[in-house]
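Here is the structure we will look at, set down as structure tokens.
The figures here come from the full heavy-atom set of this structure, side chains too, leaving out hydrogens, waters and symmetry mates.
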Amino acid sequence: QEAEVSFRYAVSIDDTKADYYNNLATVVGATGAKPEIMELYAQVLALHPGHETAVCNMYHTKLEMCNFSDAGEHLTQVEELVNRQLSEGRTPTVRPFHAMSYEIDHRWLRTLTEAWSRIAEREARLMVPPGFMFPHPRAPLPGLPAAPRR
């Protein structure tokens with residue numbers, strides 16, 4: 001609730017910032033107020049047409065609401081946006097677990113999943129101390145018997 005109050009306050013101070021509305025939509029989304037979310041995303045796109053997060057989140061919210069009006073056109077826009085992000089080496093806005101509910105080609109889902117896997121691996125490596133070696137998956141752990149072979 002504090003986040004929602006804060007973002008509503010931010011919007012009241014400066015109603016020209018698309019990101020304020022987008023953040024508010026995300027917080028309101030956690031409450032399940034779908035019609036208001038759609039109004040907020042519409043406001044984001046009015047202020048910043050092509051706002052990547054709003055375009056993708058609006059599509060996903062429409063699916064959750066079973067609102068399939070212009071779904072094909074909207075999905076094409078989401079796919080083009082994510083493909084551009086991938087070709088530019090940027091983090092895709094859409095996560096694979098969301099994309100699984102989209103009517104998309106399985107190869108596109110795999111490409112998206114692989115991109116997120118690389119991101120996760122890169123971020124995990126940032127937390128590994130220098131010189132640390134991961135044990136081989138089949139190597140016995142100290143104090144435990146070796147895993148049975150199949």
Side-chain angles (χ1 to χ4, degrees), residues 1-8 10-11 14-130 132-139 141 147-150:
Q1 284 181 332
E2 288 180 39
E4 182 177 344
V5 170
S6 296
F7 287 121
R8 288 191 188 281
V11 166
D14 186 351
D15 64 356
T16 65
K17 302 282 189 207
D19 284 336
Y20 293 177
Y21 285 99
N22 189 66
N23 291 337
L24 178 58
T26 300
V27 171
V28 170
T31 68
K34 304 292 187 215
E36 183 181 2
I37 297 170
M38 296 306 287
E39 292 171 16
L40 291 167
Y41 286 138
Q43 184 64 33
V44 173
L45 295 172
L47 292 169
H48 186 285
H51 188 284
E52 293 177 342
T53 305
V55 167
C56 294
N57 287 348
M58 185 179 217
Y59 177 73
H60 193 78
T61 303
K62 279 182 175 182
L63 291 184
E64 288 177 341
M65 295 173 61
C66 297
N67 175 355
F68 303 111
S69 63
D70 77 347
E73 181 181 313
H74 202 147
L75 178 58
T76 299
Q77 187 180 7
V78 168
E79 287 178 314
E80 289 171 354
L81 186 151
V82 170
N83 287 337
R84 185 174 62 249
Q85 291 170 330
L86 291 170
S87 71
E88 294 171 356
R90 297 190 294 135
T91 301
T93 302
V94 174
R95 293 186 181 254
F97 58 87
H98 282 158
M100 288 173 63
S101 65
Y102 302 172
E103 192 173 327
I104 55 172
D105 184 276
H106 70 279
R107 291 169 294 211
W108 191 80
L109 178 59
R110 181 177 178 144
T111 299
L112 182 62
T113 303
E114 288 170 347
W116 274 102
S117 294
R118 285 189 300 275
I119 291 164
E121 181 179 8
R122 186 176 62 235
E123 290 178 0
R125 289 190 184 282
L126 294 174
M127 296 180 256
V128 176
F132 179 82
M133 295 295 293
F134 286 98
H136 188 277
R138 297 220 186 271
L141 296 174
R149 288 225 180 282
R150 293 184 198 203

**Request:** Could you walk me through whether Leu63 and Tyr59 pass side-chain contact (heavy atoms from CB on, under 4.5 Å), step by step?
**Result:** CA-CA 6 Å; Leu63 291 184; Tyr59 177 73; 3.5 Å; yes
For the student: nearest non-hydrogen atoms of [X] and [Y], plus distance:
{"X": "Gly50", "Y": "Leu45", "value": "N-CD2, 4.0 Å"}
{"X": "Pro92", "Y": "Ile119", "value": "CD-CD1, 3.8 Å"}
{"X": "Leu86", "Y": "Ala115", "value": "CD2-CB, 3.4 Å"}
{"X": "Trp116", "Y": "Thr91", "value": "CH2-CG2, 3.5 Å"}

As an exercise, state the distance from [atom1] of [X] to [atom2] of [Y], rounded to the nearest 0.5 Å.
{"X": "Lys34", "Y": "Asn67", "atom1": "NZ", "atom2": "CG", "result": "12.5 Å"}
{"X": "Glu79", "Y": "Cys56", "atom1": "CD", "atom2": "SG", "result": "10.5 Å"}
{"X": "Thr93", "Y": "Arg84", "atom1": "OG1", "atom2": "CZ", "result": "9.0 Å"}
{"X": "Met38", "Y": "Glu64", "atom1": "CE", "atom2": "CD", "result": "10.0 Å"}
{"X": "Ile104", "Y": "Thr76", "atom1": "CD1", "atom2": "OG1", "result": "12.0 Å"}
{"X": "Asn57", "Y": "Leu40", "atom1": "CG", "atom2": "CG", "result": "12.0 Å"}

Can you give the donor-acceptor pairs under 3.5 Å from side chains of residues 17-29 to other protein atoms, not counting sequence neighbours?
from, atom 1, to, atom 2, distance (Å)
Asp19, OD1, His51, NE2, 2.7
Asn23, ND2, Asp19, O, 3.2
Thr26, OG1, Asn22, O, 3.1

**Message:** Does any part of the side chain of Glu80, heavy atoms only, come nearer than 4.5 Å to the side chain of Asn83, both counted from C-beta?
**Reply:**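 A side-chain contact under 4.5 Å is absent here.
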**Message:** Is any side-chain heavy atom of Tyr41 closer than 4.5 Å to one of Val55?
**Reply:**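 No, their side chains stay 4.5 Å or more apart.
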**Request:** On the 0 to 90° scale, with breaks at 30° and 60°, tag the His60-His98 ring pair as parallel, tilted or perpendicular.
**Result:**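 Plane angle between 30° and 60°, so tilted.
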**Request:** Decide side-chain contact (heavy atoms from CB on, under 4.5 Å) for Met58 and Thr61; before the verdict, give the C-alpha distance in whole Å, the side-chain angles of both, and the deciding distance to 0.1 Å.
**Result:** CA-CA 5 Å; Met58 185 179 217; Thr61 303; 5.7 Å; no
Could you tell me whether [X] atom [atom1] has more than 12 heavy atoms of other residues or ligands within 6.0 Å of it?
{"X": "Arg95", "atom1": "CZ", "answer": "no"}
{"X": "Gln1", "atom1": "CD", "answer": "no"}
{"X": "Met65", "atom1": "CE", "answer": "yes"}
{"X": "Arg90", "atom1": "CZ", "answer": "yes"}

**Message:** Using modelled atom types and a 3.5 Å cut-off, is there a donor and acceptor pairing between side-chain atoms of Glu52 and backbone atoms of Leu81?
**Reply:**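 Side chain of Glu52 to backbone of Leu81, a donor-acceptor pair under 3.5 Å: no, none is there.
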**Prompt:** Run the side-chain contact (heavy atoms from CB on, under 4.5 Å) check on Val82 and Gln85 step by step: do they pass?
**Reply:** CA-CA 5 Å; Val82 170; Gln85 291 170 330; 3.9 Å; yes
